[in-house]
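Structure record follows, encoded as structure tokens.
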Amino acid sequence: MSTASCLWRVKKWKFSGRHAEIFRGCLISTNELCPVKLPRPRITSFGPTIEVHQRIMSSVEFAKRVAAVKAVDEYVKDNYKIGVGSGSTIVYAVERLAQRVKDENLHIVCVPTSYQARQLIVNHKLQLGDLDMYPKLDCAIDGADEVDANMTLIKGGGGCLTQEKIVASCAKQLIIVGDESKESHKLGEKYKKGIPVEVIPMAYCPVQQKIEALYGGVAELRMGKMKAGPLVTDNGNFILDWKFPASDFDWASVNTVIKMIPGVVETGLFVNMVTKVFYGTADGTVKEQKI
């Protein structure tokens with residue numbers, strides 16, 4: 001048997017040839033077919049971990065995981081202050097960060113970009129910090145909804161765009177992780193939900209009209225799920241999702257103009273902020289993009 005460790009409980013055995021299959025894909029060699037009865041305690045040995053992850057996870061989730069792992073391994077060092085982003089891919093980055101802290105005895109401070117990120121940090125027993133104590137960060141690791149050829153991002157699908165941009169602006173390096181579906185030649189090519197704009201609640205209607213008058217398209221008030229009325233951000237604000245028309249926009253200019261509209265808190269456009277992007281693929285390889 002391999003010495004790689006596993007934390008999944010045994011659910012069932014399924015024999016196939018000379019292998020026994022445990023819990024949707026964990027392989028343990030067996031010399032002969034025989035009845036097997038295992039107790040509840042956890043298994044600690046099976047084949048290579050990455051192969052098991054590849055078999056038990058969906059291709060998209062596996063791609064997210066390999067990108068997050070590579071980013072953490074390449075950019076996190078001892079005594080670093082790290083900005084921790086939000087979203088589904090960041091779950092894997094925090095898991096890998098916690099594993100490295102445990103295995104390598106790293107001293108890391110994590111500054112969250114949302115309540116979700118804060119809970120991930122606390123649940124993985126990592127050191128929690130904030131920008132009051134650590135206003136300068138070594139790097140920030142975050143996800144994105146879409147990345148264009150110039151590494152301009154759309155972020156904020158999860159509603160955390162303002163905190164994410166603040167933390168990113170405090171970091172020497174902004175590292176983006178995701179699966180290959182996030183890569184586009186132009187913004188809007190794949191991500192069709194629009195550019196989020198966080199607004200003061202009393203101003204959402206005039207801001208909505210001004211964005212549409214300036215650039216066209218439709219700026220829709222994002223509604224809550226499992227809640228009546230608009231979505232409310234961690235900052236107590238509303239979000240407009242601007243579904244922009246197909247055009248060759250100067251995104252730096254668009255970002256600046258929208259932010260100057262009274263009532264706008266922040267946009268989900270991240271322009272000239274990214275150091276490198278890691279795109280995971282279903283076969284376990286990771287594509288890198290940088291300027």
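All values below come from the heavy atoms of this structure, side chains included, with hydrogens, waters and symmetry mates left out.
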Transitive ILVMFWY side-chain link Val271 to Ile154, under 4.5 Å: yes
Does any N or O in the side chain of Asp250 come within less than 3.5 Å of the main-chain N or O of Ala252, such that one atom is a donor and the other an acceptor? yes
Check whether any side-chain heavy atom of Ile200 sits under 4.5 Å from a side-chain heavy atom of Asn237, and report yes or no. yes
Keeping the roles fixed (side chain from Thr275, backbone from Leu174), state whether a donor-acceptor pair exists under 3.5 Å. yes
Between Ile195 and Leu269, the two heavy atoms sitting closest are CD1-CD2, 3.7 Å
Report yes if some heavy atom in the side chain of Ser86 is under 4.5 Å from a heavy atom in the side chain of Glu164; otherwise report no. yes
Looking at His124 and Glu95, what are the two nearest heavy atoms and their distance? NE2-CG, 3.5 Å
Tell me the closest heavy-atom pair linking Thr281 and Glu180, and the distance in Å. CG2-OE1, 3.6 Å
Tell me whether Met223 is reachable from Leu161 by hopping between hydrophobic residues (I, L, V, M, F, W, Y) whose side-chain heavy atoms are closer than 4.5 Å. no
Side-chain heavy-atom pair Val84, Leu120 within 4.5 angstrom cut-off: no
Please find the pair of heavy atoms, one from Pro262 and one from Ala203, that lie closest to each other, and give the distance. O-CB, 4.3 Å
Approximate separation, where rounding is to 0.5 Å, of Asp234 CG and Cys160 SG: 5.5 Å
Find the distance between CD (Gln163) and CD (Glu266) and round it off to the nearest 0.5 Å. 10.5 Å
Report the distance from atom OH of Tyr191 to atom OG of Ser181, rounding to the nearest 0.5 Å. 11.5 Å
In the single-linkage hydrophobic clustering (I, L, V, M, F, W, Y; side-chain heavy atoms under 4.5 Å), do Val122 and Val94 co-cluster? yes
Shared hydrophobic cluster, Leu153 / Val264 (ILVMFWY, side-chain heavy atoms < 4.5 Å): no
Are Leu126 and Leu97 side-chain neighbours, meaning at least one heavy-atom pair lies under 4.5 Å? yes
Distance-only side-chain donor-acceptor flag, Gln99 / Asp103, under 3.5 Å: yes
Apply side chain to side chain contact (heavy atoms under 4.5 Å, CB included) to Thr152 and Leu187, showing your working. CA-CA 8 Å; Thr152 299; Leu187 294 185; 3.9 Å; yes
So for atom NZ, which belongs to Lys136, do other residues, nucleotides or ligands contribute more than 12 heavy atoms lying within a distance under 6.0 Å? no
Quick one: closest heavy-atom pair of Gly156 and Asp145, and the distance? N-OD2, 3.3 Å
Between the side chains of Thr285 and Asp283, does any donor sit under 3.5 Å from an acceptor? yes
Are Ile258 and Tyr215 close enough that some pair of their side-chain heavy atoms sits under 4.5 Å apart? yes
Could you tell me the separation between the CD1 atom of Ile141 and the CD atom of Glu74, rounded to the nearest 0.5 Å? 10.0 Å
Decide yes or no on side chain to side chain contact (heavy atoms under 4.5 Å, CB included) for Phe238 and Val232, but give the supporting numbers first. CA-CA 5 Å; Phe238 291 170; Val232 179; 4.2 Å; yes
So, the side chain of Asp138 versus the backbone of Lys172: is there a donor-acceptor pair under 3.5 Å, distance only? no
Could you check whether any side-chain N or O of Asp241 sits under 3.5 Å from a backbone N or O of Gly194, counting only pairs where one atom can act as donor and the other as acceptor? no
So for atom NZ, which belongs to Lys190, do other residues, nucleotides or ligands contribute more than 12 heavy atoms lying within a distance under 6.0 Å? yes
Would Val197 and Ile239 count as a side chain to side chain contact (heavy atoms under 4.5 Å, CB included) if you check the C-alpha gap in whole Å, the side-chain angles of each, and the deciding distance to 0.1 Å? CA-CA 5 Å; Val197 180; Ile239 289 180; over 6 Å; no
In terms of heavy-atom contacts, does CG of Asn272 have more than 12 from other residues, nucleotides or ligands at under 6.0 Å? no
Has Gln289 got a side-chain atom pairing as donor or acceptor with Asp148's backbone, closer than 3.5 angstrom? yes
Validate the cation-pi geometry between Lys165 and Phe270: distance from NZ or CZ to the six-membered ring centre under 6.0 Å, angle to the ring axis within 45°. yes
Side chain proximity check, Asp142 to Ile175, heavy atoms < 4.5 angstrom: no
Under the 3.5 angstrom rule, does the side chain of Lys192 hit a backbone N or O of Glu189 as a donor-acceptor pair? yes
Do Arg65 side-chain atoms and Ala93 backbone N/O form a donor-acceptor pair below 3.5 Å? no
Is there a path of hydrophobic side-chain contacts, each under 4.5 Å between heavy atoms, that joins Ile121 and Tyr75? yes
Looking at Arg100, I want to see if its CZ is surrounded by more than 12 non-hydrogen atoms of other residues, nucleotides or ligands under 6.0 Å. yes
Indicate yes or no: does Arg96 engage Asp73 in a salt bridge with an N to O separation below 4.0 Å. yes
Taking atom CE of Met133 as the centre, does the number of heavy atoms from other residues, nucleotides or ligands within less than 6.0 Å exceed 12? yes
Is the centre of the Phe244 ring less than 6.0 Å from the centre of the Trp251 ring? yes
NZ of Lys290: more than 12 outside heavy atoms within 6.0 angstrom? no
Heavy atoms, side chains only, cut-off 4.5 Å: are Met273 and Met151 in contact? no
Between Lys155 and Glu146 (salt bridge meaning N to carboxylate O under 4.0 Å), is one present in this structure? no
Would Thr267 and Glu198 count as a side chain to side chain contact (heavy atoms under 4.5 Å, CB included) here? Give the steps. CA-CA 6 Å; Thr267 81; Glu198 186 165 346; over 6 Å; no
Side chain of Lys64, backbone of Val60: donor and acceptor closer than 3.5 Å? no
Enter the distance from Leu128:CG to Tyr134:OH here, rounded to the nearest 0.5 Å. 9.5 Å
How far does CD of Glu61 sit from OG of Ser88, to the nearest 0.5 angstrom? 6.0 Å
Can the ring centroids of Trp242 and Tyr204 be said to lie less than 6.0 angstrom from one another? no
Least distance between heavy atoms, Asp179 atom then Ala63 atom: CB-CB, 3.8 Å
Heavy-atom distance under 4.5 Å between the side chains of Leu137 and Cys139, does that happen here? no
Do Asp78 side-chain atoms and His107 backbone N/O form a donor-acceptor pair below 3.5 Å? yes
Just checking, is any N or O donor in the side chain of Tyr279 or Glu288 under 3.5 Å from an acceptor N or O on the other one? no
